[in-house]
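Written below as C-alpha cells is the structure these notes are about.
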Amino acid sequence: MVVHAERFKRIDLTTYFTKVHLSVRSTVLREIHRSVNKSLKPPERSGPAVRQGLAHGPRKDVGPIKRGVAVGALPNKCFNTLFPSGEISRRMDSINQRDRISSLPDVVLVMILSFLSFKDNIKTSVLSKRWRTLCYETGNISFKESEYVDHSVSDFWSKRVSFVHYMLNWVSRVPIEVIKSFEICLGYPVGFEAEIKYLIEFSISRQVKNLVLDFSSPYWRNTWDGLRYDDFVIELPTLFYGLQTLESLKIYACWFDPSRFTNLGLRKLSIGWFRLKKIESMLSKCPLLESLSIISCYLDEVMLAGNIRELIMENCIIPTMYCVLNLPNIDIFKYSGNVIVFDFQKVNMILLKEVYLDFGIEHDNDEPIYSANKEAGDILSHLLNDLRSSRTLTVCPYLLEVIPECNDPVDMLRDVVTQHLVLETLLHPKEFTGIRLLLDHCPNLETLTLELLCPRPFPMPSCGGISSQTLWLENISSRPENGYALERVELYMPTWLKGTQRQWAHFGAAMLQSTSNRVQVVLHNGWCIR
C-alpha cells in the first residue's frame with residue numbers, strides 16, 4: 001500500500017472513543033449575561049460614612065449611628081493611610097462576589113438552571129430554602145433509569161419502584177404550565193403501565209415541545225430482540241396523537257399507531273424498535289420534518305421523501321434490501337447495517353456535508369447477505385459514487401475490504417470531492433488495498449483520520465512480506481510533490497493506557513517522528529515528539 005501523504009496537510013490517528021471535545025457555547029453565556037444585566041438594578045449611592053464604615057468593619061464599642069459618625073469624621077489623609085483605595089476595592093469586590101448570586105431574581109436563576117443537566121439541577125435544591133423549589137420551575141425534565149437504578153444490585157426491583165414513585169412525586173410539584181422537554185427512559189416497564197401513562201399525559205397537558213419516551217430494554221442485543229411484541233407493555237394514550245406543540249419526538253419500544261399520528265410542526269423524529277409497513281405515509285403528515293432517525297426497526301418497504309436534511313438509519317431489517325430516497329435537501333446521511341441497494345432520486349448531492357457508512361454487522365453474520373465479496377463490492381462502489389460530493393466521508397473496515405473485489409475497481413470508483421476522510425480500520429492486511437484505492441480517488445483531500453477500532457501493539461501483521469508499520473513509515477517520509485506536504489500527525493491515545501502500553505505508544509510516535517524532520521508528530525496524552 002502506497003499512501004500519497006504529501007497531499008495532506010494533517011493526519012489524525014485515533015482510537016475508538018478516545019477523542020473528547022468539550023466546549024462552552026458562547027451564545028448561552030451571552031444570554032445569561034444579558035438577562036442578569038437587565039434584572040439587576042443599579043446600586044444605590046452610599047454616603048462616605050456608610051462606605052467607609054463598611055470598609056472599616058464593625059466595632060463592638062460603638063453603636064450603629066456612632067460607628068458611622070466616628071468613621072466618617074476621620075480625616076481623609078488618615079483614612080486613606082489606614083485603608084488604601086486598593087484594599088477598599090478588594091473588600092467591596094469580595095462582598096459583591098458573595099452576594100451576587102443571592103441578589104439575582106428567581107426568574108434569572110431558573111433560566112440559569114435550565115442550562116444545567118437535570119441531575120445537576122436537582123443537586124441545587126440542597127443549597128438553601130430558597131433553592132429548594134427553584135428546580136421544579138425549570139422547563140427541562142429528564143428521568144433516566146440508568147442514573148438512579150443499579151441493575152447489578154440484589155434489590156434493584158425495589159429501587160425501580162422507588163424511582164417510579166420519585167417521578168410521580170416530582171411532577172406533582174411542578175408549578176409551571178408549559179415545559180420545554182420531558183424525557184422518560186425506563187427499560188421494559190412491566191407493572192408500571194398506569195404510572196407511565198399518567199406521566200405521559202402530564203407532559204401532554206403541559207404542552208411539551210421535546211418529548212422522549214424510551215422503553216427499550218438494555219438487554220436487547222439486536223433488532224429481533226426488540227420486535228417481540230410481548231415485550232411492549234406501554235400504549236400511548238389517545239391524547240398523544242392530538243398533541244400539536246411537539247417540535248422533537250423520540251419514541252422507542254411502545255405501542256404506536258403511525259396512521260393516527262399527525263403533526264404539522266414536528267421538525268425532529270427518532271423512532272426505534274418498531275415494525276413500520278409504510279413509513280412514507282407517516283412522514284407525509286409531517287411536512288416540516290428536517291431530521292429523521294430510524295433505529296432497529298423492521299421496515300417492510302422504504303421509500304422516503306420530503307424536506308429531510310438529516311437521515312440516520314441504524315441496524316434496521318429491510319427484507320427487500322432496497323431503499324428509495326427522494327430527499328432533495330439532505331446534507332447528512334448516516335447508515336449502519338447490512339449491505340443494501342440505495343436508489344437516490346432527486347437528491348441534490350452538492351448539499352451533502354457528511355456521510356457515515358458502517359457495514360460492520362456483516363462481520364457478525366454467520367451467513368452474510370452477500371456471500372460473495374464481489375457483489376458487495378459492486379454495490380458499495382456504486383454507493384460511494386452516488387455520495388462522492390460529501391465533504392466529510394466516514395467508512396468502515398468491511399467497506400475497505402470489499403471495494404477492491406468489485407469488477408475493475410480502479411475504473412468503477414470515481415473521484416470524490418471529499419476534503420476530510422475518516423477511515424475506521426482494524427489495520428488488517430485485507431484493508432490496505434481499499435485504503436489505497438480510496439486515497440487515490442480523493443484529489444481534494446485535506447485531512448485524513450484513521451480511527452483504530454482495535455488497538456494493536458507494534459509490529460503490525462505483514463502484507464506481502466512487508467509489515468503495515470513499514471508501509472506507513474515509508475509514506476510518512478515520502479517527499480512532497482505538486483507543492484503539497486504533510487505537516488502534522490496527531491495521535492489520540494486512550495487515557496486508560498498504563499505502563500508498558502504507554503511505552504509502546506511513545507515508541508510508535510518516536511518512530512513516526514524519526515522518519516521525517518519536516519513533520520510534527522503529536523501524541524495527545526501529553527507528549528509532543530519534536
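Everything numeric in this text was worked out from a predicted model, so none of it was measured. Values below: all heavy atoms of this structure, side chains included; hydrogens, waters and symmetry mates excluded.
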Quiz item: Ion pair present between R130 and D106, side-chain N to carboxylate O less than 4.0 angstrom?
Solution: yes
Quiz item: For R388, what residues pass the salt bridge (charged side-chain N to carboxylate O under 4.0 Å, His left out) criterion, not counting sequence neighbours?
Solution: none
Exercise. Report the C-alpha distance between I196 and V233 in whole Å, list the side-chain angles of each, state the deciding distance to 0.1 Å, and finish with yes or no for side chain to side chain contact (heavy atoms under 4.5 Å, CB included).
Key: CA-CA 10 Å; I196 297 298; V233 297; over 6 Å; no
Quiz item: Do the non-hydrogen side-chain atoms of P397 and E424 ever get within less than 4.5 Å of each other?
Solution: yes
Quiz item: When the aromatic ring centroids of Y335 and F342 are compared, is their separation below 6.0 Å?
Solution: yes
Exercise. Taking the side chain as every heavy atom from C-beta outward, state whether P287 and L264 have any pair of such atoms under 4.5 Å apart.
Key: yes
Exercise. Provide the closest heavy-atom pair for V416 versus N444 in the form atom of the first, atom of the second, distance.
Key: O-ND2, 4.4 Å
Quiz item: Does the ring centre of F192 sit less than 6.0 Å away from the ring centre of F163?
Solution: no
Exercise. Answer yes or no: is there a donor N or O on one side and an acceptor on the other, between the side chain of S217 and the main chain of Y188, under 3.5 Å?
Key: no
Practice problem: First locate atom CD1 of I251, then atom CZ of F274, and finally report the distance between them rounded to the nearest 0.5 Å. | Solution: 4.0 Å
Practice problem: Kindly indicate, with the supporting measurements, whether the criterion side chain to side chain contact (heavy atoms under 4.5 Å, CB included) is fulfilled by L357 and F333. | Solution: CA-CA 8 Å; L357 301 174; F333 175 66; 4.1 Å; yes
Quiz item: Among all residues two or more places apart in sequence or in another chain, which pass the side-chain contact (heavy atoms from CB on, under 4.5 Å) test with S284?
Solution: none
Quiz item: Is it true that E314 and K334 have a side-chain N and a carboxylate O under 4.0 angstrom from each other?
Solution: no
Practice problem: Decide yes or no for T394 and E451: does some side-chain heavy atom of the first lie under 4.5 Å from some side-chain heavy atom of the second? | Solution: no
Quiz item: What are the two closest non-hydrogen atoms of E235 and W255, and how far apart are they?
Solution: CA-CB, 3.8 Å
Quiz item: Can you name the closest pair of heavy atoms from C254 and F215 and give their distance?
Solution: CB-CD1, 3.9 Å
Exercise. Quick one: list whatever passes side-chain contact (heavy atoms from CB on, under 4.5 Å) with M282, sequence neighbours left out.
Key: F256, P258, F261, L269, I271, I279
Exercise. Would you check if S336 and Y356 make a side-chain contact, meaning some heavy-atom pair closer than 4.5 Å?
Key: yes
Quiz item: Should E193 and I234 count as side-chain neighbours, where that means a heavy-atom distance under 4.5 Å?
Solution: yes
Quiz prompt | Salt bridge present between R309 and E290 (N-O < 4.0 angstrom) | solution = no
Quiz item: Can you tell if the side chain of T449 reaches within under 4.5 Å of the side chain of H420, non-hydrogen atoms only?
Solution: yes
Practice problem: Could you go through the side chain to side chain contact (heavy atoms under 4.5 Å, CB included) check for L186 and F143 one step at a time? | Solution: CA-CA 8 Å; L186 183 63; F143 300 117; over 6 Å; no
Check: residues 203-212 side-chain donor-acceptor pairs under 3.5 Å, at least two apart:
from: S203; atom 1: OG; to: I200; atom 2: O; distance (Å): 2.6
from: S205; atom 1: OG; to: E201; atom 2: O; distance (Å): 3.4
from: S205; atom 1: OG; to: F202; atom 2: O; distance (Å): 2.6
from: R206; atom 1: NH1; to: V174; atom 2: O; distance (Å): 3.3
from: R206; atom 1: NH1; to: I176; atom 2: O; distance (Å): 2.5

Exercise. Apply the test side chain to side chain contact (heavy atoms under 4.5 Å, CB included) to residues L387 and L393: give CA-CA distance (whole Å), side-chain angles for both, the deciding distance (0.1 Å), then the verdict.
Key: CA-CA 9 Å; L387 303 173; L393 175 63; 5.6 Å; no
Quiz item: Taking C-beta and beyond as the side chain, do L104 and I112 meet within less than 4.5 Å on heavy atoms?
Solution: yes
Quiz item: So, for C135 and N121, which heavy atoms are closest and what is the spacing to 0.1 Å?
Solution: CB-OD1, 3.4 Å
Quiz item: Got a salt bridge between R275 and D300, using NZ or NE/NH1/NH2 to carboxylate O under 4.0 Å?
Solution: yes
Quiz prompt | Candidate list V395, L399, I340, test side-chain contact (heavy atoms from CB on, under 4.5 Å), partner F359, passing option | solution = L399
Quiz prompt | Minimum heavy-atom distance between V324 and Y322, given as atom pair plus value | solution = CG2-CE2, 3.2 Å
Exercise. Report yes or no: does S281 contribute a side-chain atom to a donor-acceptor pair with the main-chain N or O of K278 at less than 3.5 Å?
Key: yes
Quiz item: Considering residues at least two apart in sequence or located in another chain, which fulfil the salt bridge (charged side-chain N to carboxylate O under 4.0 Å, His left out) criterion with D120?
Solution: K123
Practice problem: With sequence neighbours excluded, give me every side chain to side chain donor-acceptor pair (under 3.5 Å) pair touching residues 162-187. | Solution: Y136-R173, N140-S181, S142-E183
Quiz item: How close do K346 and N326 get, heavy atom to heavy atom, and via which atoms?
Solution: CB-OD1, 3.2 Å
